[in-house]
**Q** 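First the structure, then my questions, so here it is.
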Amino acid sequence: MFAERPFKRYRLLSRFWLVLFGLGLASCTAATGDIKTAVPRATEPPALTEPALTLLTPTSTATLDTSPTEELPAATHTAVPTSTATKVITTPTLINIKVPLETENLPAYGWFSEDSQVVYFAYPEAGVAFSYAIATQQLISNTLSQKADDQIIAQITADLPANARVWEISPRYQNVLYTVPISQPVRLERGAFSVPLDNELWLYKDGVNTPLGAVDSCFLINLYQALWSPSETLATLNAFSATACAWENWLIDLETSSVAPIDETWEEGHSGFYVAAILPNRQLLLTAYLKREPSAVLDLQSQELTVFSNRGNEIARYNDAPVFLDFTFWYSRYEAEVLYSPLDQTDWQLIDTIEGSVRAKYISPDQKQVLLFSGSSDYYGLSDNQKTSGVWLLMFP
């Protein structure tokens, strides 16, 4: 059975909504008790010694996909009336973008323009995408031209092997990942278990089929939760499973046409780690499972690893200084706290709270804006009785 995206039916509202801004900056109080994080088992650790390695470099030259105006018919866009005054940001600001679309689901994906001044998010099943100009606060709706997954699969079936199985279509529909069974699997010993690499992963793009490498069933189960870079040239996979996996962390690199494990790149993450974010300039943010262990940045080009004394789920730039972001979910309140901390400190400051848990995040090329989708912790949609759209924009000066 082909992979399906978790969308529900939509009904169109009879009127548009105004964009609602909310400013919030409060001091963060150390939290204990029933705190759980949006990313599995991520909690705040004590300080560790940081090796003398190269810190993050500025990311203004990061390559991203161009504006989606080439994909979205310009004749069908509708401007939502908003203020034309330029918004000057002096402190971290979190706003909820009001979406003129009645839906119980969150957007499928989001991205930024190359200059980081426009943010886009899309609802493919409803055939609608929105653009939001950050400076003028103007929201514009567009008819989305992309087809549903099953339509794309039907279109390319003749170009795939007879025994191929499609597992993943990248968020902007540029890449299709499928597998072909391996007749003689390679077996890896993992403790008391023997794990077979029994499928070969392939890429289909622009009519060309490219082999990427061998994977196991644990990889395929988690492929639906693959994390893609905005340019869709990189994807990472955290292979969580109740059974033994060949590897726990994978990197899909479409520039080198390869899929490979990255489990052994960080020896200090003794408890294991997950890839929390794909940063600009081909860098990965790795975060350990246990709170006593920190986060690290892996530079894929130099293979250099920078370990920090703090931990986080994303890295942004605040007044041109890099800071960690963390999204702490409270089950008792069903809210997520949005916090930030300098890389060399362990104290956290609260920016604001949002309804539900953070389900997705997209960083801008200049790392000064983050698009967040928040909602139910159980499925990719709004939580019960959620009053907000679930679309948030976090902005740093």
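Sequential numbering from 1 along the given sequence is applied to the chain's residues. Below, each value reflects all heavy atoms present in this structure, side chains not excepted, and no hydrogens, waters or symmetry copies.
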**Q** Roughly how far apart are E255 CD and S231 OG, rounded to 0.5 Å?
**A** 7.0 Å
**Q** Please say which of T210, V259, L234, N175 ends up in a side chain to side chain contact (heavy atoms under 4.5 Å, CB included) with L254.
**A** N175
**Q** So, the side chain of Y379 versus the backbone of L382: is there a donor-acceptor pair under 3.5 Å, distance only?
**A** yes
**Q** Please check: side-chain N/O of N319 versus main-chain N/O of A321, any donor-acceptor pairing under 3.5 Å?
**A** no
**Q** Taking Q386 for the side chain and S374 for the main chain, is one N or O donor matched with an acceptor at less than 3.5 Å?
**A** yes
**Q** Step by step, work out the side chain to side chain contact (heavy atoms under 4.5 Å, CB included) result for F130 and N142.
**A** CA-CA 6 Å; F130 293 92; N142 294 271; over 6 Å; no
**Q** Examine distances only and state if a side-chain atom of S364 and a backbone atom of S116 form a donor-acceptor pair shorter than 3.5 Å.
**A** no
**Q** Return yes if a side-chain donor-acceptor contact under 3.5 Å exists between S170 and E168, otherwise no.
**A** no
**Q** For N163, I'd like to know if atom CG has over 12 heavy atoms of other residues, nucleotides or ligands within 6.0 Å.
**A** yes
**Q** Can you measure from CG (D149) to OH (Y173) and round to the nearest 0.5 angstrom?
**A** 5.0 Å
**Q** Would you compute the distance between atom CD of E248 and atom CG of N222 and round it to the nearest 0.5 angstrom?
**A** 10.5 Å
**Q** Could you walk me through whether Y331 and S357 pass the side-chain hydrogen bond (donor to acceptor under 3.5 Å, both in side chains) check?
**A** CA-CA 9 Å; Y331 276 101; S357 64; over 6 Å; no
**Q** Run the numbers on E355 and T388 for side-chain hydrogen bond (donor to acceptor under 3.5 Å, both in side chains), then give the verdict.
**A** CA-CA 7 Å; E355 286 185 291; T388 62; 3.2 Å; yes
**Q** Does the ring centre of Y109 sit less than 6.0 Å away from the ring centre of Y362?
**A** no
**Q** Which is it for I252 and L237 under the side chain to side chain contact (heavy atoms under 4.5 Å, CB included) test, yes or no, and what are the steps along the way?
**A** CA-CA 8 Å; I252 304 171; L237 185 72; 5.5 Å; no
**Q** Could you tell me whether a side-chain N or O of Q367 sits under 3.5 Å from a main-chain N or O of I315, the two making a donor and an acceptor?
**A** yes
**Q** Keeping R359 on the side-chain end and G381 on the backbone end, is there a donor-acceptor pair under 3.5 Å?
**A** no
**Q** Say whether, by atom type as modelled, one donor and one acceptor occur between the side chain of S113 and the main chain of V118 under 3.5 angstrom.
**A** yes
**Q** Give a yes or no on whether Q184 atom CD has more than 12 heavy-atom contacts from other residues, nucleotides or ligands under 6.0 Å away.
**A** no
**Q** Given 3.5 Å as the limit, does a donor-acceptor pair link the side chain of R190 with the main chain of F193, or not?
**A** no
**Q** Is there a side-chain contact between L212 and S257, using heavy atoms and a 4.5 Å cut-off?
**A** yes
**Q** Evaluate the side-chain hydrogen bond (donor to acceptor under 3.5 Å, both in side chains) criterion for residues Y380 and N105: first the C-alpha distance (whole Å), next the side-chain angles of each, then the deciding distance (0.1 Å), finally the verdict.
**A** CA-CA 7 Å; Y380 202 76; N105 211 54; over 6 Å; no
**Q** Quick one about N96 and S389 (side-chain donor to acceptor, distance below 3.5 Å, no hydrogens or angles considered), yes or no?
**A** yes
**Q** Please check this pair: side chain of Q345 against backbone of P342, looking for a donor-acceptor N/O pair closer than 3.5 Å.
**A** no
**Q** Scan F112, Y132, W111 and name whichever one has a ring pair (Phe, Tyr, Trp, His ring centres under 6.0 Å) with Y120.
**A** W111
**Q** What I want to find out is whether R187 reaches D198 closely enough, with some N-O distance under 4.0 Å, to be called a salt bridge.
**A** no
**Q** Does the Lys NZ or Arg CZ of R172 fall within the cation-pi geometry relative to W228 - under 6.0 Å from the ring centre and within 45° of the axis?
**A** no
**Q** Side chains of Y178 and N209: any donor to acceptor distance under 3.5 Å?
**A** yes
**Q** Are L394 and V338 side-chain neighbours, meaning at least one heavy-atom pair lies under 4.5 Å?
**A** yes
**Q** Mind checking whether I262 and L251 have side chains closer than 4.5 Å, heavy atoms only?
**A** yes
**Q** Any chance the side chains of N310 and S341 put a donor and an acceptor closer than 3.5 Å?
**A** yes
**Q** Sub-3.5 Å donor-acceptor pair from the side chain of N249 to the main-chain atoms of D263, do we have one?
**A** no
**Q** Out of curiosity, T306 OG1 to Q283 CD, how far, rounded to the nearest 0.5 Å?
**A** 7.5 Å
**Q** Using the rule given for side-chain hydrogen bond (donor to acceptor under 3.5 Å, both in side chains), can you reason through W202 versus T179, listing the C-alpha separation, both sets of side-chain angles and the distance that settles it, and then say yes or no?
**A** CA-CA 6 Å; W202 285 70; T179 56; over 6 Å; no
**Q** With the side chain counted from C-beta on, respond yes when Q174 and D206 share a heavy-atom pair under 4.5 Å apart, and no when they do not.
**A** no
**Q** Working to the nearest 0.5 angstrom, can you tell me the gap between S383 OG and Y334 OH?
**A** 5.5 Å
**Q** Mind checking whether F327 and L372 have side chains closer than 4.5 Å, heavy atoms only?
**A** yes
**Q** Compare all side-chain heavy atoms of L94 with those of L393 and state whether any distance is below 4.5 angstrom.
**A** no
**Q** Measuring from atom CD of Q303 to atom CG of L298, what distance do you get when rounded to the nearest 0.5 angstrom?
**A** 5.5 Å
**Q** Answer yes if the ring centres of F324 and Y340 are under 6.0 angstrom apart, and no otherwise.
**A** no
**Q** Report the C-alpha separation of Y274 and N313 in whole Å, then their side-chain angles, then the decisive distance to 0.1 Å, and conclude whether the side chain to side chain contact (heavy atoms under 4.5 Å, CB included) test is met.
**A** CA-CA 10 Å; Y274 57 90; N313 295 329; 3.4 Å; yes
